[in-house]
Every structure is written in C-alpha cells, then in structure tokens.
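The block underneath contains the structure these notes are about, expressed in structure tokens.
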Amino acid sequence: MSKVFAYQYLVTPGKSEQIDGMSVLPFGKFSIHVGAKLHSALLTDCKRRFFGYVLGIAVDRSGLIKGEHQLDELDLDDPQLFARFAEYLDDVAGRYVVLCGAGTEQRVYTDPVAMIGCVYDPTSQRVASLLNLTLNRDIVLNSKSDHEAVEKRGGKYILFNTRDEYCRRMNGSFYLDLETMMETRFWPRTDRFEVPLSEYAKVYDEIINTARHVIGAITDRFKTAMPLSGGRDSRLLAAMAGEHIHKVNQPFTHITNFATRYDATVASLIGKHLDIPHEVHSWRQPSPPERSKFQYRQDLRGFQTAVGAPVRMPDEMERNVHQLLHEDQVVLRGHLTDLLRAVYVFTSKRSRWKEFDWQVQRLFPVSLSDFNQDIYKTFLPDFTAWHSSLPPAAQELPLDFMFIEAYYNATVGFTFNGLHKHFYMSPFNSRRLIELSLAINVDYRRTGKPVDDIIYRIDPGLCAIPYYKEAGADLSVLEYDSDWRSISSERMADVQCRFDTNYAEAAAFIEQYEKESEKPVAFTGVLKAGVAYLALF
C-alpha cells in the first residue's frame, strides 16, 4: 500500500504513527506523515523562523516552492500574519496543502479547489488527502448519500460530504483550524470581479504570463506529461506553455472511444504545428500491452484504496491506456481553464441563479434520471449553508463558484488521488488566475470566445486548427496537408476583428446577452447539453 499512498499525506494529533512508506514531519501538537513521492518544502518568515510546510507542487511568483522557502512578506510577530499569508496564497498555483502556524494556532490551507484532497474527522482531529487515511475507526456510512449510485452509476459525494457520516471534505476557499476543527472562509476578498472591456487585453496578457511562469517552473523541475485533445482547454494549456512545451516529456492523447479518436486526429495537427512529439495511446488498433485478470484487479484495488471508495476506474485505467504514461510524471491537465468558457453557467437568466433545485441536481448526487425531490430536500440544507457563505462578489457569480468550490471538490479532489502512479494537477489552479478568468463578463465567457482571444494572442496558427467536430465527421479533412484552414476561416476572421479593435467587438455580445438574460429559456435542453462535458470528471 505504500505505493498507493506515495503521493498522499496524513496529519495526526500527538505522536507519529508507523505507516509504511511515509516519512514524518513534526508540527507542534501534530505529526505530518508524507508519502514517499510527495514533494515537500519548508516555509519560513522574513527572519527565517519556521512557519510551516507545503506538501505537493506549488509555484509562487518567485518560482517552485522547494527546500527552505523564505517568505519576506511574512513576520511571525505581525498581528496580521495570517491576513498577509492569505494575500500571498492568491498567487500560489498548483496542487498542494499548506500546514502552518504561529503561537498556539495551527492551520490547514489547500490549493484553490482542494485538488490535493483534504478530508478531516472533527472528533479524532485527523486530516488526510483521502478518507481511508483519515479514519482510525470503522466507517459509518453517510446517511445522506446514495452509495450504490456513487459506486455504479456516476453519482458523487457532494457538498463536502464523504462516504463517512462524520468526516468532511474541506472547501479550498476556507482554512481549517486544527485545534477547533472548524473551517473559516478567507477567499475571495475582492468587491467585484468583472472589469471593463478596455482592460481585457491586459487581463489576457496577465493570464498568459502567469500560466507560462507556472508551467515553466514545473517543467524545469519535474518530468511531465500533457494531454492534447480537440477541445479548447488542452490547446489553451499548450499555447500558454510557450517555449516550455518543448520541455514536456510526453505530450499524448488517450484513445478510449470514437470521440477521443477524433481528439487524437486534431492533437496530431497541434503536435506538428508546435513541433513536438505526440504519442497516441489507443486501447485498440493498436492495443496496449495485455493486462491479466490479476493485474486488472490490482489496478482496481489500488485505485479504490487511493480514492477511499469502491467506485469504477476512469476510462484511461479501465481501458488500460494509462500504463503507456511513464510512471512518476506530473500530468498537466487543463482544469480551471474551463472557467474562461463558463462551462457551469448553463443559462444567462439571472433569476434562475436563485433557484436551487436544478443546481443541486447538477452536482450529481445521483445520475440525472434518478434525481427527485427527496434527494433535493436531503441536500438542500448543505447547499444553502454553502451558498450563504459566499461573499457578495461571489454571489454575483454563484454558478461559477459552485463549479470552483463544490463541483471540483467532489471530482478532481476525489479522483486525482486514485491516479496514484502519476501526480495529476492543473497549472492553472491559482486564485489569481481564477480571479482573472472571472474578470471577463460571464455572458462573453459563455460564447467560448475568450479562449480563442488568448490563443490568437499567443499563436494565430494554433488558433486556426479546427476544434473537435468543427470539421464534421470526416477525419480525413484533418490531414496535415489538407485544406483544413478553410474550416476555421470564419472563426479566425471573428477573432482577428476582436484583436484589431482591442476587443471592442465583444461589447456586442455582452449587450445582446444582457438584454436576453431575463427572457424565458428552455433550460432542460441547455442542461442536457452540458451533462456530457461534466461527465468527463
């Protein structure tokens, strides 16, 4: 099991426990157990006094947090110490947990969406990346959740619930006080996210420069892999990587069905355009190396142990293409770039943003067809408690924040630990990058045009490559020497116009949607259109 927990951590009160494959760090009244492959660093204040630890991969403005990392902006004697630290965290990107303290206070902070995984038991005061490590007792099955739906039909443990009745999953916008085991919100602190259109170019450039800095810091230190597809998110990540894309060890596409075969065809164009090697990992024609029934059971057992629930493996593990990735790599995923497309905002009708029934449904406690009023009533108290915790600026964008705080928590925060042979993460996972994404008008983000705007600013040729299904069903038109550029010519003309007019053209879209926002909408159709995308998590 030491291999399964190699990228995980556990915090226990009192003396350390003997856990195979985990080293121990002292932390006041607590002991921190660190998996053998989990990157860690020591944080000190401006006078090089101990402040805490960072576990996982984290990049701040100075670069990768490693070794003894001195924070000149922090002074342990400052009564505003933790407020200063919260400000510092805005610019930290990655997948990480911070354990820090001063005086008698010891706290836990995570990356913005708790992608690292953070589960705690208020009674035992144990905190860990997953439920199995947190528990030192028999599990008490959560009475709210439909466990069969989670295990067999794609349901999720939602709204910070876990499989256990008493253990909670931490919200990445809160910190946890280890003494009281209470969470307190510290982010966001802004009064307003959206900026005027005249500032979009500046926002785009800061997004590009910030993401490139993060990717560069990671690829300088770790062996990395990056998936490429026919969609916008992976292409945006590749574009923002800039020259660092050539340091990625394994650009790849997993083929598990026809849709991903289409992805691979588009990705091959991207690879040729960027002049990088692109690997295609197919579960058939050609197939990956054979896996015995014993090996399959080992993979399944390892995944379920690492996530802490008897759930099915993701397609890349089920189809056995995951073994074609070199072990112990950092896999750079495009999560959170989808905020630039407002993928969770299925309607501009603002009055619908105050209706909770369909919002609880979209967190998928059960499959869409199984959702009913009893399930809604079961989770309504948890939903309203979360919703009421949002500060005013976040309440203006409640669907984006449901995506950031609740949905990602129950998906990547739950499953990424299960992919235990690699360290999966998003280099776009920083509070600053989230704020920059939300600075763009939500209706304009829903068009997907900001992604094209950014890619075009970086590389017009990369922007011109057709997206998934943009070319139709005939994959032969996407051969490198074919006339595929004509397919995207209209889209390219639009983005060129926006670029030439400093995005003033975007005003027309925003004005249109603002006028339309309170008209009746056929919501059911819009909801179903988004289910396929959300099912990918």
Worksheet item: For Asp459, which residues count as a side chain to side chain donor-acceptor pair (under 3.5 Å) partner, sequence neighbours excluded?
Response: His273
Worksheet item: So Tyr503 and Tyr204, would you call those rings parallel, tilted or perpendicular, with 30° and 60° as cut-offs?
Response: perpendicular
Worksheet item: If we only count heavy atoms from C-beta on, is the Ile207 to Phe428 side-chain gap below 4.5 Å?
Response: yes
Discussion item. Against Asp452, only a single residue in Arg491, Arg341, Arg445 fulfils salt bridge (charged side-chain N to carboxylate O under 4.0 Å, His left out); can you say which?
Written reply: Arg491
Worksheet entry | salt bridge (charged side-chain N to carboxylate O under 4.0 Å, His left out) involving Asp191 - partner list, sequence neighbours excluded | none
Discussion item. Can you confirm whether Lys66 is buried at NZ, in the sense that more than 12 heavy atoms of other residues, nucleotides or ligands lie under 6.0 Å from that atom?
Written reply: no
Worksheet item: Within 45° of the six-membered ring axis of Phe414 and under 6.0 Å from that ring's centre, is NZ or CZ of Arg169 located there?
Response: no
Fill in: Parallel, tilted or perpendicular: ring planes of Phe186 versus Tyr109, cut at 30 and 60 degrees
perpendicular
Item to complete: Give a yes or no on whether the backbone of Ala225 and the side-chain of Asn249 come within a donor-acceptor separation of less than 3.5 Å.
Response: no
Discussion item. For the residue pair Arg333 and Tyr424, would you count it as a cation-pi contact if the rule is NZ or CZ under 6.0 angstrom from the ring centre and within 45 degrees of the ring axis?
Written reply: no
Discussion item. Nearest 0.5 Å, please: how far is CG in Leu43 from CZ in Arg48?
Written reply: 13.0 Å
Worksheet entry | Chi angles and distances behind the ring pair (Phe, Tyr, Trp, His ring centres under 6.0 Å) call for Phe356, His387 | CA-CA 10 Å; Phe356 292 165; His387 193 276; 4.9 Å; yes
Worksheet item: Distance under 6.0 Å and angle within 45° of the ring axis: does Arg95 meet both against Phe423?
Response: yes
Response to the item:
So OG of Ser62 and CG of Leu71: to nearest 0.5 Å the spacing works out to 8.0 Å
Item to complete: Please indicate whether Arg49 has more than 12 foreign heavy atoms, meaning atoms of other residues, nucleotides or ligands, lying under 6.0 Å from its CZ.
Response: yes
Item to complete: Please check if the side chain of His213 supplies one atom and the backbone of Asp60 the other of a donor-acceptor pair under 3.5 Å.
Response: yes
Worksheet item: If you draw the axis of the six-membered ring of Tyr467, does the NZ or CZ of Arg232 fall within 45° of it and under 6.0 Å from the ring centre?
Response: yes
Discussion item. List the residues meeting side chain to side chain donor-acceptor pair (under 3.5 Å) with Asp205, not counting sequence neighbours, and say none if there are none.
Written reply: Arg457
Worksheet item: Between His39 and Phe222, is the ring centre distance below 6.0 Å?
Response: yes
Worksheet entry | Main-chain N/O of Trp187 paired to Arg185 side chain as donor or acceptor, under 3.5 Å | yes
Worksheet entry | Distance flag, aromatic centroids of Tyr53 and Tyr9, threshold under 6.0 Å | no
